[in-house]
A.B. asks: 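My questions will all concern the structure given below.
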2 protein chains.
Amino acid sequence: MNVQEGKEKFIQSWGALGSNWGVSRTMAQIHALLLIAPHSLSAEDIMEDLKISRGNANMNIRALMDWGLVYKELKTGERKEFFVAEKDMWDVVKKIIAQRKKKELEPMLKALEELSAVEASDPDSENFVQVVRDIKLFSNKANATLDKLVQSDSNWFVKVFMNMI
Amino acid sequence: MNVQEGKEKFIQSWGALGSNWGVSRTMAQIHALLLIAPHSLSAEDIMEDLKISRGNANMNIRALMDWGLVYKELKTGERKEFFVAEKDMWDVVKKIIAQRKKKELEPMLKALEELSAVEASDPDSENFVQVVRDIKLFSNKANATLDKLVQSDSNWFVKVFMNMI
DNA sequence: CAAAAGTTTCAGAATTGATTGAAAATAAGA
DNA sequence: TCTTATTTTCAATCAATTCTGAAACTTTTG
């Protein structure tokens, strides 16, 4: 496999992985392309490389910037905007976790909070109230743990990893 | 909010959460329904409660059993099959992680392995090789960590949680 | 200020993934 | 064995998501 083939394969794999992570396929492919680009790329470059439309490129670049996975880089004397990827994997993972926590876990916590108001009126609903209580407890722990994780630096990961092994 | 409304709301929320977790909406709803059911349910019960077709119910129940989130229960004297949900949240999370690891992380590791064969031939591809190396290192760590996590019992989670707080 | 360069928006098209429902297969009872 | 209850399969349909491309908008420059 030569370098060119390797790069293409990497972009495809990264895209496939991303699509299971709330990062859409194209979004992940753009990130992959920028990761392995030796220098920053313009929207035009990205469109050409990945053979996607202008609108698609724009939307996904913006989403990546919202997530903090890609940064804008302005070159003096250049009118175009250029983009670079966040390359620290620990940082990438943290940013994805932060987004998904906000988008998924937090609404669930809110719903569970509301469900806690339900009172068991008969033995049948007793089970329901208990299940909700358990899940709420668990989710709150998970939420707190993820908060710490998102705040922590990459050493934390290394430390936990070492402890486990 | 009465118990009935609460149950419906719970099923909807669980379905929404699940759909971002590789567990399809219906799959998660079935799991939710079984979680809060005071006793095991038949495929027919599930179809009626969630207003889904026979085929859909069947496919998703089977998927849930494959994942280890739902168990079959045979009642003596009954020809139908009944189902119950795994209710230990830590166990549920572990099983989801195990599935996703297999389906997503492992193929990525395989791809990275192949990409490691690529050799840098010029300064431009030097960066590519370096990025692949970094990601591979990180992914291997993540993989090992997740393996430990999947094997661990719920005390592990509590312990890590306590350490962080 | 007008023209050129670049970016953003969004309605409709295309794609992908989920669901239905009826028919085929399987298992249990008579 | 034949009949009936139950589960499984799968092509067709439906729903949701993603992508395109042209038009509108914004910014820069002469």
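Chain identifiers are assigned alphabetically (A, B, ...) following the order of the sequence lines, protein sequences preceding nucleic acid strands; residue numbering begins at 1 within each chain.
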A.B. asks: Could you check how far CG of B:Asn56 sits from P of D:dC14, rounded to whole Å?
C.D. replies: 15 Å
A.B. asks: Just say parallel, tilted or perpendicular for the rings of B:Phe128 and A:Phe10, cut-offs at 30° and 60°.
C.D. replies: perpendicular
A.B. asks: Which sits closer to the 5' end of DNA chain C, A:Glu81 or B:Met27, going by the nucleotide each is nearest to?
C.D. replies: A:Glu81
A.B. asks: Could you state the atom-to-atom distance from CE of B:Met47 to P of C:dT20 in whole Å?
C.D. replies: 9 Å
A.B. asks: Should the heavy atoms of other residues, nucleotides or ligands under 6.0 Å from CH2 of A:Trp67 be counted, would the total exceed 12?
C.D. replies: yes
A.B. asks: With a 4.0 Å limit, can you tell me whether A:Thr26 has a side-chain N or O closer than that to the phosphate oxygens OP1/OP2 of D:dT18?
C.D. replies: no
A.B. asks: Should B:Asn58 be listed as having a side-chain N or O under 4.0 Å from OP1 or OP2 of D:dT7?
C.D. replies: no
A.B. asks: Given atom NZ of B:Lys75 and atom P of D:dA5, what is their separation to the nearest angstrom?
C.D. replies: 20 Å
A.B. asks: In this structure, how many angstroms lie between the P atom of D:dT7 and the NZ atom of B:Lys72, rounded?
C.D. replies: 8 Å
A.B. asks: Among the candidates C:dT19, D:dC19, D:dT8, find the nucleotide nearest to the side-chain atoms of B:Arg62.
C.D. replies: D:dT8
A.B. asks: Can you check the A:Asn60 CG to C:dT7 P distance for me, whole Å?
C.D. replies: 16 Å
A.B. asks: Determine whether a donor-acceptor pair (N or O, by modelled atom type, separation under 3.5 Å) exists between the side chain of A:Asn60 and the backbone of A:Asn56.
C.D. replies: yes
A.B. asks: Rounded to whole angstrom units, what separation is found between the CD1 atom of A:Ile52 and the P atom of D:dA22?
C.D. replies: 16 Å
A.B. asks: As a test of reading the structure: which of C:dT8, C:dT9, D:dT8 is closest to the side chain of A:Arg54, going by heavy atoms?
C.D. replies: C:dT8
A.B. asks: Starting at CD1 of B:Ile46 and ending at P of C:dT19, how long is that distance when rounded to a whole Å?
C.D. replies: 14 Å
A.B. asks: Does A:Arg79 make a side-chain N or O approach to OP1 or OP2 of C:dT7 shorter than 4.0 Å?
C.D. replies: no
A.B. asks: Send over the distance from B:Lys80 NZ to D:dT8 P, rounded to a whole Å.
C.D. replies: 14 Å
A.B. asks: Are A:Arg100 and B:Trp21 in a cation-pi contact, defined as NZ or CZ under 6.0 Å from the six-membered ring centre and within 45° of the axis?
C.D. replies: yes
A.B. asks: Applying side chain to side chain donor-acceptor pair (under 3.5 Å) to A:Gln130 and A:Asp134, what does each step give before you reach the verdict?
C.D. replies: CA-CA 6 Å; A:Gln130 185 59 48; A:Asp134 285 355; 3.1 Å; yes
A.B. asks: Please evaluate the base of D:dA16 for a donor-acceptor partner in the side chain of B:Arg25 within a cut-off of under 3.5 Å?
C.D. replies: no
